[in-house]
Student: 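Quick one: the structure is below, and I'll ask about it shortly.
Just so we're on the same page: letters track the sequence lines, and every chain starts at 1.
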Amino acid sequence: MDFEWSEEQALLRESVARFLSDRADLESVRRCWGDDTGLGDGVWEGMCELGLPGLLVPEAEGGTGLGSLEMGVVAEELGRVVHPGPLVTSAFVATPLLAEVADEDARWEWLPGLTRGELRATLALEAQVETTGESRLSGELPLLHDAAAAELWLVPVGSGPALDLFAVERDDPGVSRRPLGQVDGSRRLFAATLEDAQARRVASGSQAADALASARDRASVCLTADAVGAAERALQLACAYALEREQFGRPIGSFQSIQHLLVDMLSDLEQVRAATVHALWALDQPDVQERRLATAVARAAANERLPRLGASAIQVFGGIGFTWESDIHLFDKRLCSAASLGELAAVTLERLADAVLGEASKNGGEARGSA
Amino acid sequence: MDFAYPPEAETFRGELRAWLEANLEPRFRDLGQGLSLDREGIELLREWNRRLAEAGYAAIHWPEAYGGRDAGLLEQVVLAEENDRAGAPPTLNPIGLANIAPAILQHGREDQKRRYLPPMQRGDEIWSQGFSEPGAGSDLAGLETRAVDEGDCFRVTGQKVWNSLGEWADWCQLLVRSDPDKPRHAGISCLLLDMKLPGIEVRPTTTITGESEFAEIFLDDVRVPKDALLGEPDGGWAVAMTTLTSERAGVATLHLGVSRRIARLAETVRARSTPVGPVAREKLARLYLHGRLLERLSQRALSAILSGRAGPEGSLVKLVWSEVEQEIGETAAELLGREALGGEWARTRLAARSYSIAGGTTQVNKNIVAQRVLGLPRDR
């Protein structure tokens, strides 16, 4: 029973945290708030120097060959600065999927660039697309993270043994994208239309379906780990403000009503953190059912607890917390959007209902069937 | 990071599981839930307790010299898990073994350890704790039960409340005000009180569940021998702190009962209505989620202790546990209707009312976490 970060993981956290606080602080987040790519002034290049794009790529393929726990460490740190860039999308979701199942040609062509960060990819987590002729796709991609920053889009068509995973290029003439209207300017979310877009099949069949399911879970847990980092920082900012802000001749943090609100936030944070770290661990375990359940528990926890933590943080700040000038809303928005992305919160709860009532979950059944 | 238990703990689990399968007869199973027992129940529990003691499973965390196994925290957790799995009854001396014994081991004289620990382990003598008073609940250092040094004995007068097992207790770990002139924390002593001494009256306290798992103790000029002193004269606060902070395995095992009750509620609901409706499904899903979160938090608290990391989890486990226990009772009431007006679910709901009070109220715990973990100033 060891729930602790290793020394190496702590060192990784330290170096990423130092880099982010030097180069990607909240001022820089504000500078690129709501822009197309969130790449920032040299921030992406700095991440490449740290080797982050190849974190999950096996050493034999030129990457660092680390695992989901290390990925979680980085994601938490990104959340602490509400980082706007495409690292999670490209390095933690799309790249490892490609590394895991893509055919030899695709790997040879794209993996080195992705690993070095010269190229970026995104995975369409939702796709209403069909093949139109050989190597052509048409249809809608209702949600694509970082579609402007990523040159390469991975698009799944079909499911189970009939799944095909295609790669489409952002700049193909048959591809058009539009930003989704949403309030969290720290994320880049797009919808896209494919009209007879040139596509290349990179993987297919049950093995690809399993890898896709695992990539979805990884995306889900990343979102949660990022939110844990953001929530931790929001709580720290709220505590610092409660110590500094005086009313009635004393710091508001000396009032029990404020203290209990902050303790409730801490309790929510630590529960979500515990579930998230467990889910990060479970991602690399062979038991698929365990992985799916751990992912669902972490997601449901974040969905239920973190938007209310964000709201409480603003409550502690009072009126100033409702202004654009205060930083606390950046965190509230990040926590709320995390709960609205990935699997629908209601669907995650359905899966937990299946688990507690001991029924075979429909989604779990699919995962089992294709495992 | 590894959620598996080390091989030594698994070896211990295997031995214990085999022993429980061979020894836990049906008559012992699920005995004493809620500690509301009659004399017959007490004797049956005592018989079970002796079996445990003879096999060396009654107090595994104690030093070997006093009949324990010097077991670490993980083995204590394994023991709790296996007891839970097998449906084994609680020990007759939960507070004695987990809370009072560590104080005797740390602060007691050798003759006290030899005298009190073996019969406590076997359940031959039942122990209760005399801490709270009508005027000293959350503010324990405000206790007023007076002990006057008469040279050959202490003369003790006062009243204690909320004595678990008080009705059946042979001994009591009693906190008394030995010097009213010293600052509050510095004038308290701890006595190991023989409950058969003249001048002691025990009255059962009937709780809102209708049961009497607690008692009040009235002390009227009780002459307590001087050698009953545990620790230094006026050093009772240190003894009390050992007692109150020693149950480390407790935080790591609170989730076991919660998980069991949630599973049983889900089974009951499913047996009553098929298919289970959407609102009930959501209620059960959230309850299940909260049970799992408590489990994860407990595991992190355990891991923090094992690795020597100072973390906030341990302080939060009790708060979260009481919330989930209360949610179980409320959810049962919502999903089972009149069936939950009596019996097991009514008891669960009522008993849970005390979980945010006993062992430190939620409000005081939040003050402590705010100050010690979050570094906020004391209210004034």
Student: Mind checking which of residues 312-324 of chain B sit less than 4.5 Å from chain A, heavy atom to heavy atom?
Tutor: B:Pro312, B:Glu313, B:Leu316, B:Leu319, B:Val320

Student: Non-hydrogen atoms of chain B under 4.5 Å away: do they reach the side chain of A:Glu350, the backbone, both or neither?
Tutor: both

Student: Below 4.5 Å from any heavy atom of chain A, which atoms of B:Glu282 appear? Answer side chain, backbone, both or neither.
Tutor: side chain

Student: How many angstroms lie between atom CZ of A:Arg250 and atom CZ of A:Phe255, to the nearest 0.5 angstrom?
Tutor: 4.0 Å

Student: Can you list everything that forms a ring pair (Phe, Tyr, Trp, His ring centres under 6.0 Å) with B:Phe12? Sequence neighbours excluded, please.
Tutor: none

Student: Pick out which of B:Arg261, B:Arg29, B:Arg260 makes a salt bridge (charged side-chain N to carboxylate O under 4.0 Å, His left out) with B:Asp84.
Tutor: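 Going through B:Arg261, B:Arg29, B:Arg260 one by one, the salt bridge (charged side-chain N to carboxylate O under 4.0 Å, His left out) with B:Asp84 is satisfied by B:Arg260 alone.
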
Student: In Å and rounded to the nearest 0.5 Å, what is the CG to OG1 distance from B:Leu287 to B:Thr331?
Tutor: 4.5 Å

Student: Quick one: CG on B:Leu335 to NZ on B:Lys283, what's the gap to the nearest 0.5 Å?
Tutor: 7.5 Å

Student: Please list, in residue-number order, every residue in residues 71-81 of chain A that has a heavy atom less than 4.5 Å from any heavy atom of chain B; write 'none' if there are none.
Tutor: none

Student: Select one option (side chain, backbone, both, neither) describing which atoms of B:Leu74 are under 4.5 Å from chain A's heavy atoms.
Tutor: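 When you check distances to chain A, only side chain atoms of B:Leu74 fall under 4.5 Å.
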
Student: Need one label for A:Leu262: side chain, backbone, both or neither, based on atoms under 4.5 Å from any heavy atom in chain B.
Tutor: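 When you check distances to chain B, atoms from both the backbone and side chain of A:Leu262 fall under 4.5 Å.
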
Student: A:Asp264, A:Val277, A:Val272: which one forms the most heavy-atom pairs within less than 4.5 Å of chain B?
Tutor: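 Among the listed options, the one with the most contacts to chain B is A:Asp264.
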
Student: Roughly how far apart are A:Arg291 CZ and A:Asp217 CG, rounded to 0.5 Å?
Tutor: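 Spacing of CZ (A:Arg291) from CG (A:Asp217) equals 4.5 Å.
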
Student: With rounding to the nearest 0.5 angstrom, report the CZ to CG distance, A:Arg273 to A:Leu266.
Tutor: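 Reported value, rounded in 0.5 Å steps: 8.5 Å.
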
Student: Do A:Arg233 and A:Phe331 form a cation-pi contact, if we require the NZ or CZ to be under 6.0 Å from the six-membered ring centre and within 45 degrees of the ring's axis?
Tutor: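 The answer is no; the distance or angle limit is not met.
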
Student: Is the positively charged end of B:Arg69 above the ring of B:Tyr57, judged by distance under 6.0 angstrom from the centroid and angle within 45° of the axis?
Tutor: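 Positive - B:Arg69 is close enough to the ring of B:Tyr57 and near enough to its axis.
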
Student: Using a strict threshold of under 4.0 Å (side-chain N to carboxylate O), is an ion pair present between B:Glu344 and B:Arg347?
Tutor: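 Salt bridge absent between B:Arg347 and B:Glu344.
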
Student: Count the heavy-atom pairs under 4.5 Å between each of B:Met1, B:Lys366, B:Gln299, B:Gln363 and chain A, then report the option with the highest count.
Tutor: B:Met1

Student: Could you pull out all donor-acceptor pairs under 3.5 Å where a side-chain atom in residues 300-312 of chain A meets a protein atom, sequence neighbours excluded?
Tutor:
unit_1: A:Asn303; atom_1: ND2; unit_2: A:Arg299; atom_2: O; d: 3.2
unit_1: A:Glu304; atom_1: OE1; unit_2: B:His290; atom_2: NE2; d: 2.7
unit_1: A:Glu304; atom_1: OE2; unit_2: B:Arg286; atom_2: NH1; d: 2.9
unit_1: A:Glu304; atom_1: OE2; unit_2: B:His290; atom_2: NE2; d: 3.1
unit_1: A:Arg305; atom_1: NH1; unit_2: A:Asp268; atom_2: OD1; d: 2.9
unit_1: A:Arg305; atom_1: NH1; unit_2: A:Gln271; atom_2: OE1; d: 3.4
unit_1: A:Arg308; atom_1: NE; unit_2: A:Asp268; atom_2: OD2; d: 2.8
unit_1: A:Arg308; atom_1: NH2; unit_2: A:Asp268; atom_2: OD1; d: 2.9
unit_1: A:Arg308; atom_1: NH2; unit_2: A:Asp268; atom_2: OD2; d: 3.3
unit_1: A:Ser312; atom_1: OG; unit_2: A:Arg308; atom_2: O; d: 3.0

Student: Could you walk me through whether B:Glu295 and B:Arg292 pass the salt bridge (Lys or Arg N to Asp or Glu O under 4.0 Å) check?
Tutor: CA-CA 5 Å; B:Glu295 182 183 353; B:Arg292 293 303 289 249; 3.6 Å; yes

Student: Side chain, backbone, both or neither: which part of B:Ala263 has a non-hydrogen atom closer than 4.5 Å to chain A?
Tutor: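 No part of it gets close to chain A.
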
Student: Nearest 0.5 Å, what's the CD-CG distance between A:Gln285 and A:Leu280?
Tutor: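 That separation rounds to 11.5 Å.
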
Student: Highest number of heavy-atom pairs under 4.5 Å with chain A: which of B:Leu297, B:Asn367, B:Val269?
Tutor: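 When all of B:Leu297, B:Asn367, B:Val269 are compared, B:Asn367 has the most.
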
Student: Please determine which of B:Glu81, B:Glu10, B:Arg13, B:Glu75 meets the side-chain hydrogen bond (donor to acceptor under 3.5 Å, both in side chains) test together with B:Tyr5.
Tutor: B:Glu81

Student: If you count heavy-atom pairs within less than 4.5 Å of chain A, which of B:Arg309, B:Gln371, B:Glu267, B:Arg378 leads?
Tutor: B:Arg309

Student: Can you tell me if A:Glu232 uses its side chain to pair, donor with acceptor, with the backbone of A:Glu270 under 3.5 Å?
Tutor: no

Student: Tell me, for A:Leu293 versus chain B, whether the close heavy atoms (under 4.5 Å) come from the side chain, the backbone, both or neither.
Tutor: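 For A:Leu293, the side chain is the part near chain B, not the backbone.
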
Student: Select one option (side chain, backbone, both, neither) describing which atoms of A:Ser6 are under 4.5 Å from chain B's heavy atoms.
Tutor: neither

